[in-house]
Novice: 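One structure, as structure tokens, below. Some questions next.
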Amino acid sequence: PSFGGGGESCDCTICVTAEEHNQGTLTIQQAVNQLLKTGGTVCLGPGIFNLMEKPVQMNGAFAVRVRGQGAATIVIQPRAEAAFVISEAQWCTLDYFTIHTIASTTIGPAIRLSNSIGTTIERLIVAPPAEGSGPRTGILLEPGFLLQTKIRDNFFRSQFGIGFAVSDNVDGTLLLGSFYCEHNAL
């Protein structure tokens with residue numbers, strides 16, 4: 001599939017435009033759901049994708065990649081939730097787009113990550129649309145395990161680029177194995 005007709009491409013399994021997403025014709029969540037168990041790439045075209053009040057859930061996903069067009073693809077994070085929640089996933093990737101937070105009103109981190117293997121988060125911009133501090137945390141690592149995880153080449157305008165969920169009980173432990181966090185800017 002390709003954006004706007006014309007040429008063919010095998011880079012993307014499903015292409016989502018901002019207009020389709022915002023009208024509810026084909027949302028990011030619907031595209032992810034179609035690929036949840038089989039894997040594939042969701043390509044986001046240029047434009048503004050408003051998530052309204054619900055994050056994109058990638059729970060239990062296998063080999064799903066969500067890729068944008070760099071700074072030209074803007075995902076608006078919900079006010080009280082993360083933009084993306086990745087949990088119990090294998091070999092999933094978020095790549096090359098912007099997550100805009102609503103300055104000073106966003107409570108949650110831009111991305112929540114837990115109990116996953118082979119997750120890659122790269123080349124993202126996490127920031128409010130104008131001046132401001134953005135969310136408290138760009139990526140929140142929640143209790144559980146993260147194996148073969150790569151967080152690299154991202155830009156965060158937040159108080160903390162990557163944070164750990166704090167818990168008083170034993171179940172609040174986070175196990176990291178082959179965890180790479182490199183070349184991120186805050």
Side-chain angles (χ1 to χ4, degrees), residues 3 12 15-23 26-32 41-59 61 64-87 89 92-114 116 119-142 146 149-166 174 176 179-186:
F3 298 108
C12 306
C15 296
V16 180
T17 67
E19 183 178 350
E20 289 171 326
H21 171 84
N22 294 330
Q23 291 177 352
L26 178 60
T27 65
I28 299 169
Q29 185 66 66
Q30 290 167 339
V32 165
T41 300
V42 176
C43 290
L44 305 178
I48 298 173
F49 296 74
N50 192 342
L51 294 181
M52 305 300 283
E53 299 301 320
K54 293 184 180 178
V56 175
Q57 298 280 346
M58 296 177 70
N59 300 332
V64 174
R65 168 181 277 198
V66 178
R67 186 178 69 221
Q69 309 297 313
T73 301
I74 300 168
V75 175
I76 304 294
Q77 177 179 348
R79 290 181 189 272
E81 272 289 347
F84 290 86
V85 177
I86 303 172
S87 179
C92 291
T93 300
L94 299 179
D95 180 24
Y96 204 49
F97 58 88
T98 298
I99 298 175
H100 270 184
T101 58
I102 307 301
S104 76
T105 61
T106 301
I107 297 170
I111 300 166
R112 289 179 25 217
L113 179 59
S114 67
S116 296
T119 302
T120 300
I121 300 172
E122 61 187 356
R123 303 185 306 164
L124 298 185
I125 300 168
V126 176
E131 293 301 316
S133 61
R136 180 171 170 81
T137 305
I139 301 172
L140 183 65
L141 308 179
E142 297 182 328
L146 296 172
T149 302
K150 297 173 191 76
I151 301 174
R152 60 187 178 206
D153 302 317
N154 300 294
F155 174 78
F156 300 101
R157 195 160 76 211
S158 57
Q159 292 179 19
F160 304 100
I162 300 162
F164 301 93
V166 178
L174 174 61
L176 301 175
F179 183 87
Y180 301 93
C181 183
E182 58 191 7
H183 307 291
N184 297 294
L186 184 61

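In this text, all values refer to a predicted model and were calculated from it rather than measured experimentally.
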Novice: Is Gln77 reaching over with its side chain to a backbone N or O of Pro109, donor-acceptor style, under 3.5 angstrom?
Specialist: yes
Novice: At what distance, to the nearest 0.5 angstrom, does CD of Glu53 lie from CG of Asn50?
Specialist: 8.5 Å
Novice: Drop me the distance from Thr27's OG1 to Lys54's NZ, to the nearest 0.5 angstrom.
Specialist: 10.0 Å
Novice: If you measure from the SG of Cys12 to the SG of Cys43, is it under 2.5 Å?
Specialist: yes
Novice: Within this structure, what is the CD1-CZ distance for the pair Ile28 and Phe49, rounded to the nearest 0.5 Å?
Specialist: 5.5 Å
Novice: Are Ser114 and Ser87 close enough that a side-chain donor and a side-chain acceptor fall under 3.5 Å?
Specialist: yes
Novice: Can you tell me how far the CD1 atom of Ile125 sits from the CZ atom of Phe97, to the nearest 0.5 Å?
Specialist: 11.0 Å
Novice: Determine whether a donor-acceptor pair (N or O, by modelled atom type, separation under 3.5 Å) exists between the side chain of Ser116 and the backbone of Ala89.
Specialist: yes
Novice: If you round to the nearest 0.5 Å, how far is CZ of Arg67 from CD of Glu122?
Specialist: 10.5 Å
Novice: Any donor and acceptor pair, going by atom type alone, linking the side chain of Gln29 with main-chain N or O of Gln57 inside 3.5 Å?
Specialist: yes
Novice: As a quick check of understanding, evaluate side-chain contact (heavy atoms from CB on, under 4.5 Å) for Thr149 and Leu176, giving each step before the final call.
Specialist: CA-CA 8 Å; Thr149 302; Leu176 301 175; over 6 Å; no
Novice: Could you go through Ile76 and Ile48, starting from their C-alpha distance and side-chain angles, then the distance that decides it, and tell me whether this counts as side-chain contact (heavy atoms from CB on, under 4.5 Å)?
Specialist: CA-CA 7 Å; Ile76 304 294; Ile48 298 173; 3.6 Å; yes
Novice: State, with a plain yes or no, whether a side-chain heavy atom of Thr120 is found less than 4.5 Å away from one of Arg152.
Specialist: yes
Novice: side-chain contact (heavy atoms from CB on, under 4.5 Å), that's the test. Do Phe84 and Ile121 meet it? Break it down for me.
Specialist: CA-CA 11 Å; Phe84 290 86; Ile121 300 172; over 6 Å; no
Novice: As an exercise, state the distance from CD1 of Ile74 to NE2 of His100, rounded to the nearest 0.5 Å.
Specialist: 4.5 Å
Novice: Measure from the side-chain N and O atoms of Asn154 to the backbone N and O of Leu124, and report whether any donor-acceptor pair falls under 3.5 Å.
Specialist: yes
Novice: Please report the closest heavy-atom contact between Ala31 and Leu26, naming both atoms and the distance.
Specialist: N-CD1, 4.2 Å
Novice: Tell me the closest heavy-atom pair linking Pro46 and Ala18, and the distance in Å.
Specialist: O-CB, 4.1 Å
Novice: Using a 3.5 Å distance criterion without hydrogens, assess whether the side chain of Asp95 forms a donor-acceptor pair with backbone atoms of Arg65.
Specialist: no
Novice: Any heavy-atom pair between the side chains of Ile162 and Leu141 that's under 4.5 Å?
Specialist: yes
Novice: Taking the side chain as every heavy atom from C-beta outward, state whether Arg112 and Glu81 have any pair of such atoms under 4.5 Å apart.
Specialist: yes
Novice: So do Ile99 and Leu94 actually touch side chain to side chain, heavy atoms under 4.5 Å?
Specialist: no
Novice: Closest approach of Cys92 and Met58, non-hydrogen atoms and distance?
Specialist: CB-CE, 4.0 Å
Novice: OH of Tyr96: more than 12 outside heavy atoms within 6.0 angstrom?
Specialist: no
Novice: So which heavy atom on Pro78 is nearest to which on Ala83, and how close?
Specialist: CD-CA, 4.0 Å
Novice: Just so I know, are the side chains of Val66 and Val56 near enough to count as touching, which here means a heavy-atom distance under 4.5 Å?
Specialist: no
Novice: Given Ser158 and Thr137, is the side-chain contact (heavy atoms from CB on, under 4.5 Å) satisfied, shown in steps?
Specialist: CA-CA 6 Å; Ser158 57; Thr137 305; 5.9 Å; no
Novice: Which atom names give the shortest non-hydrogen contact between Asn184 and Cys181, and what distance separates them?
Specialist: ND2-SG, 3.5 Å
Novice: Going by heavy atoms in the side chains, are Leu51 and His21 under 4.5 Å from each other?
Specialist: yes
Novice: How close do Leu186 and Phe160 get, counting heavy atoms only, and between which atoms?
Specialist: CD1-C, 4.2 Å
Novice: Give a yes or no answer on whether the side chain of Arg123 reaches the backbone of Gly70 with a donor-acceptor pair at less than 3.5 Å.
Specialist: no
